[in-house]
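So the structure is just underneath, and the comments pick up after that.
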Amino acid sequence: MTTEHTGQHAVPVEERFQARIDAEEKIEPKDWMPEKYRQNLIRQISQHAHSEVIGMQPEGNWITRAPSLHRKCILLAKVQDEGGHGLYLYSAAETLGASREEMNQALHDGRAKYASIFNYPALTWADIGAIGWLVDGAAIVNQVSLQRTSYGPYARGMVRICKEESFHQRQGYHIMMTLARGTEEQKAMAQDSLNRFWWPSLMMFGPHDAESAHSAQSMKWKIKRQSNDELRQKYVDQSVKQAEVIGLTIPDPDLKWNEQRGHYDFGEIDWEEFNRVVGGDGPCNRQRLAHHVKAHEDGQWVRDAITAYEGKKRQRKDRQAA
Amino acid sequence: MSEHMKLYEVFIRSRRGLDHKHVGSLHAEDSAQALEYARDVYTRRSEGVSIWVVNSSDIVASQEGDCESFYDPLDDKPYRHATHYQLPDEVNNM
């Protein structure tokens, strides 16, 4: 076993590592860490990064059709932010020794996942509202919790991202509110969108704690700070009020306040649908991935040009030095 | 002496979990020496748990004089801020 000498006692590095985590200290890139901690983090952070980037597709789809110039500007700014969030996260994963190319390849090969919610289509303008309000809302609940994750670069990335997400959720809610206060048709459009996005939003928190494959170890290492079910409950509790205020109805007949628990009870998620979409058979899985592959391949000439230019510059420098 | 020794910028992480912050610079023969000098000069009172030293010549910096044109495209987008959206009081903590 590897040991490091601290004073007179030799403490196994793995114990020191866990002790540091137990003491709420962050792990930083150059620290020793168990290989599985590293792998677990690369999996989670890259999946998070892929979600940001794939998430640009359903929203990007509406940029040219936003109902006003103002909404178009907002949507452009939001989609731009998502690309930035992807960058923060890929960079955090790169501090663990994963390369951008490997992560991209894993996504294209289907080895790496992204948030399943983006496999649902954005059919109407109200969906852009629902994505901001509900999908970003769910992401925020998760990301606020992750600001306390044990890996320093990931935690700091989350702080930066959370600051920007507030704008995302508020602009989405503002779209929903505007529609809900509009004509009967507009209100119906908002309700329809809530109906379609509510359950997939709840699925964003993942399987029940008992069935979650990576949860126990991730909690011990404090990569995750709160369980899937805890976070999901927090999200339901805050969303009910938000729907009420704009006169929309959450599509769950079992939703009701539980005085004893101090939380809302809610219905069971359709786990068959969850597994189907995660497994690749959602409404847009193939389209999302194909688009990402195409965008990457279409950009090959740019990467080639940069490499060629760098090579030329280096040659010129070498010649001058000679 | 500085003619022969390179200039290094020094960054210190005061506590785990925080970013490294620029604290100053020093001259040193190589990066190992810069690290030791930085330790001797900048962390005499437990100011940090981690030090970065970077060749000053490797830092590429924007010019504040170019500020207006450099940042111009960013200043006229109030909708990038959360406060741009007026929401009912009951849900305004969003």
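Naming: A, B, ... by sequence-line order, numbering from 1 per chain. Atoms considered below: every heavy atom in the structure, side chains included; atoms not considered: hydrogens, waters and symmetry mates.
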Practice task
Would you give the length of the straight line joining atom CD of A:Glu28 to atom CG of B:Leu18, rounded to the nearest 0.5 angstrom?
Solution key: 8.5 Å
Completion exercise
d(B:Lys77 NZ, A:Leu76 CG) to nearest 0.5 Å is 9.5 Å
Exercise for the section: Evaluate the side-chain proximity of B:Tyr85 to A:Phe167: yes if any heavy-atom separation is below 4.5 Å, no if none is. Expected result: yes
Problem - B:Met94 and A:Tyr173, any side-chain heavy atoms less than 4.5 Å apart - result: yes
Handout entry: Within 6.0 Å of CD in B:Gln86, more than 12 heavy atoms from elsewhere
Key = no
Practice task
With a 4.5 Å cut-off on heavy-atom pairs, point out which of A:Lys241, A:Glu165, A:Gln171, A:Lys30 contacts chain B the most.
Solution key: A:Gln171
Exercise for the section: Measure the shortest side-chain to side-chain distance between B:Arg16 and A:Asp31 over non-hydrogen atoms and say whether it is less than 4.5 angstrom. Expected result: yes
Practice task
Evaluate the side-chain proximity of A:Met177 to B:Pro88: yes if any heavy-atom separation is below 4.5 Å, no if none is.
Solution key: yes
Exercise for the section: Return the minimal non-hydrogen interatomic distance between A:Gln80 and B:Arg80, and the atom names on each side. Expected result: OE1-NH2, 2.6 Å
Exercise for the section: Determine whether B:Asn92 and A:Arg170 make a side-chain contact, defined as any pair of heavy atoms from C-beta on separated by less than 4.5 Å. Expected result: yes
Problem - Contact origin within B:Arg13 toward chain A - heavy atom pairs under 4.5 Å - result: side chain
Practice task
Measure from the side-chain N and O atoms of A:Arg156 to the backbone N and O of B:Gly17, and report whether any donor-acceptor pair falls under 3.5 Å.
Solution key: yes
Practice task
Please lay out, stage by stage, how B:His84 and A:His70 fare under the test ring-ring contact (aromatic ring centres under 6.0 Å, His included).
Solution key: CA-CA 12 Å; B:His84 181 71; A:His70 186 59; 5.3 Å; yes
Handout entry: From B:Tyr79 atom OH to A:His174 atom NE2, the distance as rounded to the nearest 0.5 Å
Key = 15.5 Å
Handout entry: Top contributor to chain B contacts, counting heavy-atom pairs under 4.5 Å, from A:Glu244, A:Lys163, A:Arg20
Key = A:Arg20
